[in-house]
Amino acid sequence: MSPVVNAGFPLLTATAAVPAVGAVLTAAVPAARRTAAKWFALLVSLVTLVLAAIVWARFEPGGDRYQLVESYSWIRDFGVRYELGVDGIGVALIGLTALLIPFIVLAGWHDADPLETSSKRWRPTQGFFALILMVEAMVILSFEATDVFLFYILFEAMLIPMYFLIGGFGDRAHTGSDENAAAQRSYAAVKFLLYNLVGGLIMLAAVIGLYVVAGNFSLTEIAAARADGSLQMASSTERWLFLGFFFAFAVKAPLWPLHTWLPNAMGEATAPVAVLITAVVDKVGTFAMLRFCLGLFPEASKWATPAIVVLALISIVYGALLAVGQRDIKRLVAYASISHFGFIILGIFAMTSQGQSGATLYMVNHGISTAALMLVAGFLISRRGSRLIADYGGVQKVAPVLAGTFLIGGLATLSLPGLAPFVSEFLVLVGAFERYPVAGIIATTGIVLAALYTLVLYQRTMTGPVKEEVRALPDLRARELAVVVPLIAVLIFLGVFPKPLTDVVNPAVQHTMSDVQQKDPQPQIQNVEAAK
């Protein structure tokens with residue numbers, strides 16, 4: 001059944017257009033008015049948040065699969081359309097993106113202020129905030145796109161502003177010389193770009209192949225044609241197309257062994273940009289696995305599931321083990337994120353409603369918890385000027401509020417009951433165990449390792465004797481509290497009352513389960529009387 005095209009106000013376009021136009025206007029602010037550019041960028045992000053809230057309010061969980069649909073002809077000769085629509089999963093991730101960007105802007109308030117280096121260069125403050133808003137626009141539009149070609153353009157285009165954010169606005173807490181810091185930033189930015197470009201080029205070949213087979217790029221039309229039997233794909237063709245899409249999404253996700261760009265990118269970027277990478281941009285990869293891999297190639301998705309489950313398990317354990325051994329705070333959070341993305345992908349390909357609901361919740365909750373932990377870590381690092389764990393100790397005695405918020409962010413990362421990630425991780429494990437009991441058991445080792453690296457990190461940085469270098473560290477200031485406190489409040493709220501999210505997500509998950517023609521396994525209940 002084709003979705004009804006919205007003839008009213010183009011709300012989805014507006015939600016992405018506001019930050020896009022805001023990015024251009026922010027970049028155009030005169031160089032001497034950088035403070036005005038900051039406030040304007042913050043205002044734009046808040047307006048976008050209001051529009052995202054309206055999208056959430058207008059979305060009807062029990063209604064059509066894709067709602068608020070907009071469809072206009074774009075490249076008529078090739079059947080390309082500017083086609084937008086949101087399901088429950090897209091609504092949840094649009095809400096996550098719009099929620100986090102104002103906090104990213106606030107947290108990075110001084111990250112691009114003029115800084116005279118040995119090369120006598122100055123940082124363009126306006127450009128920093130304009131790039132953040134442009135990334136927000138592209139990510140939101142990618143969650144809305146139901147035309148495969150439009151999605152591909154956005155999937156690739158968001159690499160450009162991210163490249164400049166990583167390479168041009170690196171972390172100031174670098175132990176080496178200015179030249180060495182610049183070289184490390186450049187290496188991280190190029191590695192990020194090359195990995196994702198290779199994935200995108202492979203996906204482009206698959207997009208072209210899909211057009212050859214289907215004759216158009218519309219996700220809804222292709223799905224309808226598959227359902228009524230008018231579109232038939234040979235098994236080999238479907239599998240090759242699936243692999244082309246999945247490879248690109250696995251790079252962005254990031255899934256082992258395509259993950260190695262992430263620790264470099266997060267380590268060299270500023271803390272707010274690191275949050276933008278792992279809490280916002282990387283979610284496009286896991287979202288696309290649900291929308292495009294399972295939606296377009298259901299049989300190939302089931303064929304590839306055993307191998308993907310194994311890769312997800314490796315990501316969970318490998319990422320957690322490397323996090324345990326890290327000496328750099330930001331790289332520890334990066335490897336922890338690799339482990340968490342393994343849980344998300346495991347939930348998606350468990351092919352159970354609990355697993356996919358948990359995976360979607362995990363995307364949202366991981367974004368919020370990682371933002372809380374990484375931004376507090378960024379505030380800590382900016383005070384001390386070092387990312388090394390060994391350079392800290394006894395911080396809780398001189399900055400108790402900072403230490404307390406750092407602890408809550410860490411406890412959310414290890415999925416403590418009562419905080420939002422616990423619900424999603426529990427659902428993923430239950431969903432995985434229902435269909436793949438051994439995989440569910442192996443995945444639980446990630447929980448144990450998460451407790452280890454989180455608590456050891458807190459112990460080494462916050463407890464013990466006060467090191468001389470941290471004795472004068474100030475506690476969190478008003479602007480920093482305005483960043484951290486709302487994130488912690490959301491973590492607690494969704495930890496004890498996840499219903500607002502599950503109500504929106506669950507119907508979309510049922511549609512995805514229908515796409516792959518899967519039903520939840522029935523519980524095996526032994527009849528004791530019959531056994532007698």
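Just so it is clear, the model here is predicted, and its values are computed rather than measured.
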Review point. Given Val284 and Phe143, is the side-chain contact (heavy atoms from CB on, under 4.5 Å) satisfied, shown in steps?
Key: CA-CA 7 Å; Val284 176; Phe143 292 143; 4.1 Å; yes
**Study point:** Any Ile277 side-chain heavy atom under 4.5 Å of Asp282 side chain
**Key:** yes
Exercise for review: Quick one: do Thr286 and Thr360 satisfy side-chain contact (heavy atoms from CB on, under 4.5 Å)? Show the steps, please.
Suggested key: CA-CA 9 Å; Thr286 47; Thr360 305; over 6 Å; no
Practice item. With side-chain hydrogen bond (donor to acceptor under 3.5 Å, both in side chains) as the test, would you mind laying out the steps for Ser71 and Arg81 before giving the verdict? Key: CA-CA 7 Å; Ser71 184; Arg81 301 186 65 81; 2.8 Å; yes
**Study point:** Aromatic centroids of Phe292 and Phe151 separated by under 6.0 Å
**Key:** yes
Check your understanding: Roughly how far, to the nearest 0.5 Å, is CG of Leu411 from CD1 of Ile488?
Key -> 10.0 Å
Practice item. Provide the closest heavy-atom pair for Met203 versus Ala248 in the form atom of the first, atom of the second, distance. Key: CB-CB, 3.6 Å
Point to revise | Main-chain N/O of Ala145 paired to Arg291 side chain as donor or acceptor, under 3.5 Å | key: yes
Check your understanding: For Val470, does its backbone N or O pair with a side-chain atom of Arg384 as donor and acceptor, under 3.5 Å?
Key -> no
Study note, to complete from the structure: In this structure, OG of Ser45 is separated from CG of Leu100 (nearest 0.5 Å) by 11.0 Å
Check your understanding: Between Phe341 and His366, is the gap from one ring center to the other below 6.0 Å?
Key -> yes
Point to revise | Non-hydrogen side-chain atoms of Val273 and Met162 separated by less than 4.5 Å | key: yes
Check your understanding: Do Phe245 and Val148 come within less than 4.5 Å of each other through their side chains, counting heavy atoms only?
Key -> yes
Point to revise | Residue pair Ser315 / Gly342: nearest heavy atoms and the distance that separates them | key: CB-CA, 4.0 Å
Exercise for review: Answer with yes or no whether the side chains of Tyr187 and Glu268 bring together a donor and an acceptor at under 3.5 Å.
Suggested key: no
Check your understanding: Would you call the rings of His340 and Tyr362 parallel, tilted or perpendicular, where under 30° means parallel and over 60° means perpendicular?
Key -> tilted
Exercise for review: Examine Lys38 relative to Phe129 and say whether NZ or CZ is less than 6.0 Å from the centre of the six-membered ring and inside a 45° cone about the ring axis.
Suggested key: no
Review point. Under a 4.5 Å cut-off applied to non-hydrogen side-chain atoms, are Glu156 and Met138 in contact?
Key: no
Revision key, fill the gap. Rounded to the nearest 0.5 Å, the CD atom of Gln184 sits from the CG atom of Asn264 at a distance of 8.0 Å
Review point. If you round to the nearest 0.5 Å, how far is CG of Leu388 from CD1 of Ile329?
Key: 8.0 Å
Practice item. Answer yes or no: are there more than 12 heavy-atom neighbours, outside Arg33 itself, under 6.0 Å from its atom CZ? Key: no
Exercise for review: Could you tell me whether Asp328 and Arg387 have a side-chain N and a carboxylate O separated by less than 4.0 Å?
Suggested key: yes
**Study point:** Donor + acceptor pair across side chains of Ser386, Tyr392 (<3.5 Å)
**Key:** no
Check your understanding: Atom CD of Glu70 and atom OG1 of Thr146: how far apart are they, to the nearest 0.5 Å?
Key -> 10.0 Å
Check your understanding: Does any donor atom in the side chain of Glu136 or Thr97 lie under 3.5 Å from an acceptor atom in the other side chain?
Key -> no
Exercise for review: Working to the nearest 0.5 Å, report the span between CE of Met289 and CD1 of Ile345.
Suggested key: 4.0 Å
Review point. For the side chain of Asp64 and the backbone of Gln67, is there at least one donor-acceptor N/O pair under 3.5 Å apart?
Key: no
Practice item. Say whether, by atom type as modelled, one donor and one acceptor occur between the side chain of Ser186 and the main chain of Ala183 under 3.5 angstrom. Key: no
**Study point:** Heavy-atom closest contact (Ala14 atom, Leu51 atom, distance)
**Key:** O-CD1, 3.7 Å
Check your understanding: Taking everything shown except Arg471 itself, do over 12 heavy atoms lie less than 6.0 Å from its CZ?
Key -> yes
Check your understanding: Any side-chain heavy atom of Phe287 within less than 4.5 Å of one from Ile89?
Key -> yes
Exercise for review: For Ser339 and Gly319, work out which heavy atoms get closest and say how close.
Suggested key: CB-C, 4.1 Å
Point to revise | Val275 backbone acceptor or donor facing Thr278 side chain under 3.5 Å | key: no
Check your understanding: Can the ring centroids of Trp74 and Tyr82 be said to lie less than 6.0 angstrom from one another?
Key -> no
Study note, to complete from the structure: All heavy atoms of Ile94 vs all of Ala52, minimum pair found to be CG2-CB, 4.0 Å
**Study point:** Under 3.5 Å donor-acceptor, Glu425 side chain and Ser415 backbone
**Key:** no
Exercise for review: Under the side-chain contact (heavy atoms from CB on, under 4.5 Å) rule, what do Leu133 and Val18 come out as? Steps first, then yes or no, please.
Suggested key: CA-CA 9 Å; Leu133 292 176; Val18 166; over 6 Å; no
Check your understanding: Are any of the side-chain heavy atoms of Arg331 and Met266 separated by less than 4.5 Å?
Key -> no
Check your understanding: For the side chain of Thr370 and the backbone of Gly367, is there at least one donor-acceptor N/O pair under 3.5 Å apart?
Key -> no
Practice item. Take Lys252 and Phe155 through the test side-chain contact (heavy atoms from CB on, under 4.5 Å) and record every step on the way to the result. Key: CA-CA 10 Å; Lys252 188 161 303 248; Phe155 187 83; 3.3 Å; yes
Check your understanding: Is there a side-chain contact between Leu473 and Leu380, using heavy atoms and a 4.5 Å cut-off?
Key -> yes
Check your understanding: Is the backbone N or O of Leu414 less than 3.5 Å from a side-chain atom of Thr454, with the two atoms forming a donor-acceptor pair by type?
Key -> no
Point to revise | side-chain contact (heavy atoms from CB on, under 4.5 Å) involving Ile160 - partner list, sequence neighbours excluded | key: Phe164
Practice item. For Asp147 and Ser218, test the side chains for any donor-to-acceptor distance below 3.5 angstrom and give the result as yes or no. Key: no
Point to revise | Nearest heavy-atom neighbours spanning Ile389 and Leu332 | key: CD1-CD1, 4.2 Å
Check your understanding: Side chains of Val251 and Val198: closer than 4.5 Å at any heavy-atom pair?
Key -> no
